[in-house]
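Step one of this worksheet: look at the structure below.
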Amino acid sequence: MSDAVVSDVRLVLLGTGTSAGVPIIGCDCAVCTSSDPRDQRTRSGAALLFRDENGHDRVVLFDCGPDHRTQSLRLGLKRVDAIFFTHDHVDHTFGLDDVRRYNAIMKAPIEVFADLRTRDFLERVFRHIFRRHENVNDSFVADLFMRTIEAGTPVDFRGLRFTPFEVLHGRLPVLAFRVDALDGSGRIAREQPGPLPLAYCTDLSAIPPAAWPRLRGLGSLVLDLLRYRAHPTHLTVSQATGIAAQSGARRTVFVHMTHDIHHATLSAELPEGMELGYDGLTIDGR
C-alpha cells in the first residue's frame, strides 16, 4: 500500500498535437482526413487529477493552450487549482483567459507557476488580467496568483512535489517537470501511486546532461515526438524512442505530433513500453 498522502492520481492528455493542430488548415493528406479520432490532435497540454490528503479532488494543468476551452468541455473539468507552464509559446499559453470560469465556480484564485521569461510574457500578453485596474471597463477576468519558479527548485503542492528542470527547445531552454508524491512527513513517498513518478517533457530537441537524473526511476514519461524528419526544435521518432529507451521509464507516451504521424501505423512499430498519445488518453499507472 502506498505511503503517499495523495490518491487516485491520473494524468489526462488534453491535447497531443503540434502548434498547428491536426488536421491542419487546408490539408487533405491521409492523416488530416483520417476517420481515426486518435489522428485528431488539439494543441498540447495535460491535466493531472488527484485526491489530496483531506480527500479533496484537485486538478493541475501543464500548460494552457488555445484549445483549452474545447479540451475542458470534453473532459468535464470544473476546477483548476494550479497551472505549471513549460514555456511562453503561443500554443502553450493562449488559453489562459478561459480559466476565469474556474474562478467563478471555485470562488478562489488559481496559482500559476512559470519561469521568469514565461511570467514576463504572460503579464505582457494578458495585461488585462494582471493589470486589471487599467482596464477601461471592469470586466470579468481570471483571478491568478503568479509564482516564479526556476529549474532545480522543487515546488510542493497539495501533497505532490513538482521539480522543474531544463531541456532544450532548439536553442531555447524550457522547463519540463518531474512529479513525485509526498508522504505524511513531506518526504518523497517510498511507494508512488498511479503513474508516478512522472515526467512531462514537451517541446524539446535535446536532453542536457544535468536533466538526466530527473528521468530516472520513472513510472511514466510523457515525451515530445514531432515527426520522422529532422526538426531544429523538436524530437524525431528515432530521437524520441532513443531517449525513452535510455530513460528506462516503465511507460512512455509520445505527444506533440504533427500530421506526418499516422497513429495506427506508427503505433504498430513502437517498442514495448512506448506508445503514441492521443487526446483524452488517461495515464493512471494500471
Members other than Met274 in its cluster, when Ile, Leu, Val, Met, Phe, Trp, Tyr link by side-chain heavy atoms under 4.5 Å? Phe165, Val167, Leu172, Val174, Leu204, Ile207, Trp212, Leu215, Leu218, Leu221, Leu223, Leu225, Tyr228, Leu235, Val237, Ile243, Phe254, Met257, Ile261, Leu266, Leu270, Leu276
Partner residues of Arg214 under the side-chain hydrogen bond (donor to acceptor under 3.5 Å, both in side chains) criterion, sequence neighbours left out: none
Name all residues meeting the side-chain hydrogen bond (donor to acceptor under 3.5 Å, both in side chains) criterion together with His87; count only those two or more places apart in sequence or in a different chain, and write none if there are none. His89, Asp203
For Phe50, all residues meeting ring-ring contact (aromatic ring centres under 6.0 Å, His included), sequence neighbours excluded: none
Of all residues at least two apart in sequence or in a different chain, which pass the salt bridge (Lys or Arg N to Asp or Glu O under 4.0 Å) check with Asp97? Arg100
Enumerate the side-chain hydrogen bond (donor to acceptor under 3.5 Å, both in side chains) contacts for residues 241-254, please, sequence neighbours excluded, ordered by first and then second residue. Arg251-Glu275
Please table the atom pairs, donor to acceptor, closer than 3.5 Å between any side-chain atom in residues 194-201 and protein atoms at least two apart or in another chain.
none

Can you sort out the partners of Asp67 under side-chain hydrogen bond (donor to acceptor under 3.5 Å, both in side chains), two or more places apart, ordered by chain and number? Arg43
Which residues pass the side-chain hydrogen bond (donor to acceptor under 3.5 Å, both in side chains) test with Gln192, not counting sequence neighbours? none
Of all residues at least two apart in sequence or in a different chain, which pass the ring-ring contact (aromatic ring centres under 6.0 Å, His included) check with Phe130? none
Identify, with sequence neighbours excluded, every residue that meets salt bridge (Lys or Arg N to Asp or Glu O under 4.0 Å) alongside Asp28. none
Which pairs pass side-chain hydrogen bond (donor to acceptor under 3.5 Å, both in side chains) with one or both residues in residues 110-121, sequence neighbours excluded? Asp88-Arg117, Glu111-Arg147, Asp115-Thr118, Arg119-Glu123, Arg119-Thr148
